[in-house]
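The basis for the numbers below is simple: all heavy atoms, side chains too, and nothing from hydrogens, waters or symmetry mates. Quantities reported herein were computed from a predicted structural model and do not represent experimental measurements. Along the sequence shown, residues carry numbers from 1. In listed order, ligands and their atoms are each counted from 1.
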Amino acid sequence: MKLLENKVVLITGASRGIGKAIAEECVHQGAKVVFTYVSSDEKARALEAELTQHGGTAKGYKSDASKFDDAQKLVDDVVAEFGTIDVLVNNAGITRDTLLMRMTEEQWDEVINTNLKSAFNLTKAVQKPMLKARSGSIINMSSVVGVKGNAGQSNYAASKAGLIGFTKSIAAELGSRNIRCNAIAPGFIETEMTEVLDQKVVQEWRNAIPLKRGGTPLDVANVTVFLASDMSAYVTGQTIHVCGGMLM
Ligand code: NAP
């Protein structure tokens, strides 16, 4: 039996990067996957085709996670089509990096709304079907930057630290209903975005990590599958660092 056999998994922001790898691994483990995106229509259609080609069940929705009403509508639509939601992965995230001195109110709001308010929007919406089922697993994609802070990323760090506080609070609120909530804090994960960076700088980053390499989206997806599955039935309120030992 596969780890997520017949579970309905909703993943925000999965048209590329880490979210895409999570969608692939969840289907691989037998889940029915619903994923969202905001602008990458073509990539979303391609992923839908890839996930369903060997008989998997997957559907992409264009839905802005930072918008409260969009999140409620999305969850209503998913429940109408798939019957329930067993796992929510709040993965959608953006950066608008700059020093506080230059940061605009818009850059602050965009990051907080997309990275943190989105988790409130989606978690509030999935609460109803999960309470009804008396089970559920909610996974919030934080970052080591949320634990440690980082110059030039005060908006991003605040959003990711906020997710950790949110995670612990939801775990405390919903634990008695068998709904678990955990966070993942990835370190330096190599994606299409990091391919365009100066490779000398990237190699220096790798050298500074105890495991001597950047993480892969699959490294993060594997931990997500663990937290989504019943293998982690007694794990809640935790933040698991997936960073090669970068932050201990
Ligand atoms: P990415 O490649 O930039 O992908 C972001 C995804 O989020 C895309 O699918 C994007 O959709 C979607 N998205 C953006 N805004 C959204 C919104 N308002 N509503 C719904 N979807 C939205 O990012 P990534 O590197 O895979 O990162 C995924 C998560 O891991 C983020 O939360 C990030 O902060 C976190 N993380 C990443 C790293 C890293 O090194 N990569 C490290 C620590 C934490 P479109 O394609 O349609 O824009």
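Which of Ser142, Gly17, Ser40, Ala71 comes nearest to atom 46 (O) of ligand 1 through a heavy atom is settled by distance: it is Ser40. Comparing heavy-atom distances from atom 14 (C) of ligand 1 across Asn140, Ile94, Asp70 singles out Ile94 as nearest. Looking at Gly19, Gly93, Ser39, it is Gly93 that brings a heavy atom closest to atom 5 (C) of ligand 1. Closest heavy-atom approach to atom 31 (C) of ligand 1 among the candidates Val145, Thr36, Asn91: Asn91. Scanning Tyr156, Tyr61, Tyr37 for the heavy atom closest to atom 34 (O) of ligand 1 points to Tyr156. Considering each of Ser15, Gly13, Ala23, the one bringing a non-hydrogen atom nearest atom 11 (O) of ligand 1 is Ser15.
Within the structure, ligand 1 lacks Lys20 among the residues with a heavy atom less than 4.0 angstrom away.
Between Asp219 and Arg213, at least one side-chain N (NZ, or NE/NH1/NH2) sits under 4.0 Å from a carboxylate O, which counts as a salt bridge. Salt bridge annotation for Glu192-Arg16: absent, with no cationic side-chain nitrogen under 4.0 angstrom from a carboxylate oxygen. Between Lys67 and Asp64 a salt bridge is recorded (basic side-chain N to carboxylate O distance below 4.0 Å).
Between Pro186 and ligand 1, not a single N/O pair is under 3.5 Å apart. Close N/O approach between Phe188 and ligand 1 is not found [any backbone or side-chain N/O within under 3.5 Å].
Close contacts of ligand 1 with Ala92, meaning ligand atoms under 4.0 Å from a residue heavy atom, involve 7 (O), 20 (C), 21 (N), 22 (C), 32 (O). Every atom of ligand 1 with a heavy atom of Met141 under 4.0 Å away is listed here by number and element: 29 (C), 30 (O), 35 (C). For ligand 1, the atoms closer than 4.0 angstrom to any heavy atom of Ser143 are 43 (C), 44 (C). Listed by number with element, the atoms of ligand 1 under 4.0 Å from a non-hydrogen atom of Ala65 are 17 (C), 18 (N), 19 (N), 20 (C). Annotation for ligand 1: atoms under 4.0 Å from non-hydrogen atoms of Gly187 are 40 (O), 42 (C), 43 (C). Ligand 1 places these atoms under 4.0 Å from at least one heavy atom of Asp64: 17 (C), 18 (N), 19 (N). Annotation for ligand 1: atoms under 4.0 Å from non-hydrogen atoms of Ser63 are 19 (N), 20 (C).
Here Pro217 has no heavy atoms under 4.0 Å from ligand 1, in either its backbone or its side chain.
In this structure, the separation between CZ on Arg180 and CG on Asn182 is 6.0 Å, given to the nearest 0.5 Å. Atom OH of Tyr61 is separated from atom CD of Glu48 by 9.5 Å, given to the nearest 0.5 angstrom. Put simply, CG on Asn155 and CG on Asn113 are 11.5 Å apart, with the number rounded to the nearest 0.5 Å.
Not a single donor-acceptor pair under 3.5 Å links the side chain of Arg96 to the backbone N or O of Glu106. Within the 3.5 Å criterion, the main-chain N or O of Gly13 finds a donor-acceptor partner in the side chain of Asn91. A donor-acceptor distance shorter than 3.5 angstrom exists from the side chain of Ser137 to the backbone of Leu227, with no hydrogens or angles considered.
In the model, Ser142 has no side-chain atom that pairs as donor or acceptor with a side-chain atom of Asn140 under 3.5 Å.
In the displayed structure, Gln53 atom CD is contacted under 6.0 Å by more than 12 heavy atoms of other residues, nucleotides or ligands.
Residue, atom and distance of the protein heavy atom nearest to atom 15 (N) of ligand 1 are Thr114 CG2, 3.6 Å. The nearest heavy-atom contact from the protein to atom 41 (N) of ligand 1 is Ile189 O, 3.7 Å. For atom 1 (P) of ligand 1, the closest heavy atom belonging to the protein is Arg16 NH1, 3.3 Å. Here the protein heavy atom with the shortest distance to atom 16 (C) of ligand 1 is Val38 CG2, 3.6 Å. The nearest heavy-atom contact from the protein to atom 37 (C) of ligand 1 is Ile18 CD1, 3.6 Å.
Under the 4.0 angstrom criterion, atom 23 (O) of ligand 1 counts as lacking any protein heavy-atom contact.
Between Gln203 and Arg206, the shortest heavy-atom contact is OE1-NH1, 2.6 Å. The nearest pair of heavy atoms linking Ala221 to Glu25 is CB-CG, 3.8 Å.
Each of Met1, Lys2, Glu24 was scored for a side chain to side chain contact (heavy atoms under 4.5 Å, CB included) with Gln29, with one residue passing: Lys2.
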